[in-house]
Each structure stands twice: as C-alpha cells, then as structure tokens.
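Below is one structure; the comments refer to it alone.
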Amino acid sequence: MILESVARHRTAMTRVALSRPMATAAADGFLQPERTVFDYGCGRGDDIRHLRTLGYTVDGWDPMHRPEAERRPADVVNLGYVLNVIERPSERADTLRAAWDLSRELLVVSTRMTWDARGLIGRPIGDGLITRSGTFQKFYDQPELAAWIEDTVGVQPHAAAPGIFYLFRDEAAAQRFVASRVYTYRPRVRIDPQAHYEANAETLAPLMSFMREHARPPKPGELPETTAAAIQEALGSLGKAQRLIRQVTDDDYWAEVTVQRRAELLIYVALSRFGRRPKLSQLDRTLATDLRLLFGTYQEACLHADRLLLACGDQALLYVNARSSTIGKQTPSALYVHRSAMTEIPPVLQVYEGCARVLAGTVDHANIIKLSVSEPQISYLSYPTFDRDPHPTLRSSVTVNLRKLSVDWRDYSRSESPPLLHRKEEFLGAHDPKRPLYERLTRAEMRAGLYEHPERIGTLRGWRDTLDAAGVTLRGHRLLRG
Ligand SMILES: C[S@@+](CC[C@H](N)C(=O)[O-])C[C@H]1O[C@@H](n2cnc3c(N)ncnc32)[C@H](O)[C@@H]1O
C-alpha cells in the first residue's frame with residue numbers, strides 16, 4: 001500500500017548542526033578525511049554541507065530533494081531517519097538493502113524511537129502513524145530495529161546509541177568496535193630519573209603508550225614503521241628500548257597494567273558473545289595477540305568470559321558484587337557509579353553494564369550509571385551540571401531492562417522538581433581529585449542538619465525548602481549561613 005496523501009518530502013527538516021547519527025559516527029572515529037561518505041536519503045543535504053565544511057568527501061541522494069544525484073558506493077553510508085518515513089515495509093527493506101550495497105566499510109542506520117511518539121497526535125495506519133503534517137512515521141523499539149536489520153540484510157548490527165546502529169562489512173572492524181566500548185583505565189606511571197631515558201623520552205613515548213595499553217611489547221609491524229625506525233635509530237633496537245622502559249619503571253606497575261588489561265579483554269570477550277562469538281582468525285592481529293599472550297589461548301579467555309557472563313545472569317551474585325564494591329553510591333535497590341569510575345567496579349558488574357550497552361549503545365551525555373540489584377536493569381542518567389553544581393539535577397534517563405530487552409528514555413528537563421544528587425563524592429573513583437571538595441561540602445551539610453529527613457531532599461523543591469528552613473545557601477561548593 002502506498003499512500004498518495006503521504007507527504008514524504010516534508011519529513012526532511014533543516015539542520016543547523018551535524019545530525020546525531022553522523023555526529024556519533026564522527027565521535028566513534030569512523031569519519032576520517034580519507035574515507036568517503038554517502039548520505040542515502042539526505043533530505044535537504046545539510047549533513048553533506050556540514051561534512052564538506054569539515055573537509056570530508058561526501059555525496060548524497062534523496063528521491064525528493066536530490067533525485068538527479070548518482071547513487072555511489074562509499075566507505076561510510078548514512079541512512080539517517082529514512083526508514084521510519086517509508087510506509088510500505090517491503091520498500092523499507094529494499095531501501096536498507098540498497099544502502100547496505102553501497103557501503104564499503106560501514107552503514108549507519110538510524111530511526112525514530114517509540115519514545116519520540118509520546119504526546120504525538122496521529123492517525124494509526126499500517127505499523128505507524130500519519131502525523132498532523134501529513135507525514136508517515138513508523139517508530140521503532142531498539143531490539144525490534146536490531147532484529148529487523150539483521151533479518152533484512154543478514155548482518156549483525158551493533159548498537160551505537162539508542163536509535164542508531166552500525167553495520168560493518170569487515171568482522172575485525174566490528175570486533176574492534178565492540179572492544180573499544182570497554183572502559184579502560186591505566187594507573188599513573190612513575191618514571192625513575194635516568195639521563196638516557198630522559199634524552200629519548202619523546203621518541204620512546206609511542207612504545208611506552210603501546211606497552212601501557214596492551215600490557216606487552218609490540219610485535220614487529222604493530223608500531224607504525226616511522227616510529228619503529230626512529231626508536232631503532234635512537235636506542236639501537238626495539239628490544240633495547242623496551243628494556244630501558246622497564247629499567248625506569250616498577251615491575252609492580254606492569255603487573256597492575258596486566259591485571260587491568262586482562263580484565264578489559266575478559267569483558268570484551270564476554271560481550272562479543274552476543275550474536276556469534278568471532279573466531280580468533282576474525283579478530284585483528286593486535287587484539288588476537290593480546291588475548292593469546294595474556295590468556296595463553298583464546299579458548300581459555302572464552303572460558304573465563306563465559307563464567308563472567310553466567311554470573312551476570314545470577315541476580316544474587318550481582319547483588320553480592322554490587323554490595324562488595326568500594327566504589328559507587330549504595331542504595332537498597334542499586335549501585336550508582338560515575339562514568340569515570342566504571343573501571344573500578346568489579347568486572348562482573350562491568351559485564352552487566354556492558355550487556356546493557358550492547359542493547360542500547362552508548363547514551364550520549366549520561367554520566368551516572370545506575371546498576372539495579374533488584375532486577376536486571378541498568379539506567380544511564382544525565383546530570384549535565386555534575387561538575388559545577390553541588391547538587392545537580394537529572395535531565396534525562398535511558399533505562400535498559402535486560403529481562404524485557406527494552407530500552408526506554410525519560411525526559412526530566414521540563415520537570416519543576418526533578419531528582420537531584422547529594423554526596424557527589426560517593427559516585428567517584430577512589431583517587432578522583434574532586435573528592436575532597438565534595439566531601440567537605442557533605443560534612444558541612446551534615447553538620448547543618450540538612451540530611452535529617454532524607455525523604456524530603458531527593459527532589460529540587462524539597463531540597464530548596466530544606467535549605468530555606470535551615471537558613472543556609474550554597475555558593476559553589478560552599479555552604480553559607482543566611
Ligand atoms: C526525515 S528525512 C531525513 C533526512 C536526512 N537523512 C536527515 O537526517 O536530516 C527522511 C528522508 O528520507 C527520504 N526518503 C523517503 N523515501 C526514501 C527512499 N525509499 N529511499 C531513500 N530516501 C527516502 C525523504 O525524501 C526524506 O528526505
């Protein structure tokens with residue numbers, strides 16, 4: 001069924017900035033000046049214009065707004081908010097396949113989501129709505145979109161963000177993306193003063209950073225050729241350079257880096273289980289080498305990772321792990337952690353959160369992560385003023401339920417009394433430099449009796465009333481009388 005009265009051309013709006021899917025792909029490092037981009041269903045062509053201004057080679061086609069353009073293959077193809085304006089399911093599938101056929105490396109697919117339909121008045125038709133402006137809109141659930149993409153093109157999509165999926169041509173690239181999602185942390189390295197090292201510190205920096213990232217020295221070919229040549233010229237050989245780095249650093253430091261890298265790899269291998277777990281030969285060489293050197297064999301890594309995944313399905317185990325975490329704010333039903341401290345919670349909880357990210361992708365601007373211990377549910381909370389406001393308010397949340405496989409978004413920006421945070425230090429990592437400042441404020445607020453009625457202070461209105469009643473005000477992170 002095609003509806004003559006459906007005004008598809010009206011769906012294309014004017015964009016003053018890069019669209020969310022293109023901004024996400026750029027932030028994930030997929031738009032590089034040497035890669036070509038094609039915008040399939042480009043509307044008025046604003047993404048093309050913005051990307052060209054940024055120096056990219058971009059082209060695009062749209063049946064309504066740019067019908068004369070040629071549909072050409074490109075490294076990255078964008079299919080941005082096109083599928084949801086097509087009323088006929090078979091045409092939707094043909095459009096997805098056509099865009100995928102043009103993608104040499106990556107297809108970025110985005111659609112509007114069910115929560116966009118809240119408050120929208122429209123006439124139900126087929127599997128969507130005719131809106132008041134006469135356009136058709138099909139709103140998707142995150143898992144519904146993932147399943148439909150996979151059924152239509154036979155490729156496992158990877159959630160980039162709510163409503164945005166990546167389809168990779170090459171499995172190694174897909175796995176690099178999955179691995180890049182694991183939070184990483186490296187302790188600061190202390191260097192013993194030594195003249196020979198100091199004279200060559202700059203040349204050695206890329207080698208040091210490889211060793212810190214991978215917890216091992218590089219194999220031939222893993223460092224860029226010019227870097228390896230410069231090190232060889234300055235130090236005689238890569239082996240001598242590694243020995244010099246080891247001489248000026250503690251063995252304990254490298255042991256700690258190894259523990260950290262092993263945990264990251266395990267979390268990655270656990271998460272790679274979704275869909276089909278890749279064979280070792282499908283991974284890129286560096287990732288495969290990390291796994292082999294840190295675990296002995298890939299099978300061994302998979303065995304450990306599967307145990308972690310199994311543990312994630314056990315609510316009692318999750319509860320014990322959450323309660324034993326020395327990082328994060330504990331409440332009866334959840335553990336709340338600042339994004340920057342995620343590497344410091346137990347690995348099983350990192351996998352638990354990673355499972356939610358496999359489903360939802362990365363939630364932009366979310367800085368507090370709520371790991372529920374009463375049901376399999378992770379929420380990504382956005383407190384945009386966390387750093388500067390002593391009691392930041394909640395702007396929006398994305399909740400991922402791993403039992404229902406649902407992803408839901410809530411907006412608090414228009415709420416007159418949104419939830420707000422206290423004791424910000426509890427969300428942070430053990431060595432976060434902001435901790436002392438926040439702790440001082442918490443002590444002052446406790447002394448002033450502001451926490452005596454916890455049930456009153458969880459929302460903005462109640463908190464303001466409490467401050468007024470106590471005759472105190474806040475300036476920055478300081479509590480003032482009167
Ligand atoms: C909501 S707009 C999105 C435009 C642009 N991608 C953006 O993000 O701003 C949807 C666009 O899809 C186009 N479109 C409709 N049917 C299409 C089809 N079968 N193939 C490609 N594009 C189509 C419409 O002409 C419209 O410009």
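This chain uses plain numbering: 1 for the first residue, then up along the sequence. Just so you know, ligand 1 is whichever comes first in the structure, and atom 1 is the first atom listed for that ligand.
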Pick, from D47, D62, I48, the option with the minimum heavy-atom distance to atom 13 (C) of ligand 1.
-> D62
Compute the shortest N/O to N/O distance between G41 and ligand 1 and return yes if it is under 3.5 Å, no if not.
-> yes
Salt-bridge criterion met for D47 and R20 (N-O under 4.0 Å) = no
Salt bridge or not for R118 and D408, using N-O below 4.0 Å?
-> yes
So, are R66 and D59 salt-bridged, with charged N and O less than 4.0 Å apart?
-> yes
Atom pairs and distances, donor-acceptor, side-chain atoms in residues 205-212, under 3.5 Å, two or more places apart:
from: S209; atom 1: OG; to: P206; atom 2: O; distance (Å): 3.3
from: R212; atom 1: NE; to: Y253; atom 2: OH; distance (Å): 2.6
from: R212; atom 1: NH2; to: P187; atom 2: O; distance (Å): 2.8
from: R212; atom 1: NH2; to: Y253; atom 2: OH; distance (Å): 3.2

Ring pair (Phe, Tyr, Trp, His ring centres under 6.0 Å) pairs, two or more places apart, involving residues 367-395 = H338-F386, H391-H422, H391-W463
Contacting atoms of ligand 1, where contact means under 4.0 angstrom from a heavy atom of H65 | 27 (O)
SB check D28 R181 (cutoff 4.0 Å) = yes
Run the numbers for me: atoms of ligand 1, each under 4.0 Å from some heavy atom of M64, listed by number.
-> 25 (O)
Short list, please: which atoms of ligand 1 are under 4.0 Å from a heavy atom of I86?
-> 16 (N), 17 (C), 18 (C), 19 (N)
Taking only non-hydrogen atoms of W61 and a 4.0 Å limit, the atoms of ligand 1 in range are 20 (N), 21 (C)
Relative to the heavy atoms of Y81, which atoms of ligand 1 are at a distance of less than 4.0 Å?
-> 1 (C), 2 (S), 3 (C), 8 (O), 10 (C)
State the atoms of ligand 1, each with its element, that fall below the 4.0 Å cut-off from a heavy-atom position in G43.
-> 4 (C), 27 (O)
Over all atoms of both residues, closest heavy-atom pair of K329 and E426 | CG-OE1, 3.1 Å
Considering only heavy atoms, does E91 approach ligand 1 within less than 4.0 Å through its side chain, its backbone, both, or neither?
-> side chain
Who gets closest to atom 23 (C) of ligand 1 by heavy atom: A99, P67, P63?
-> P63
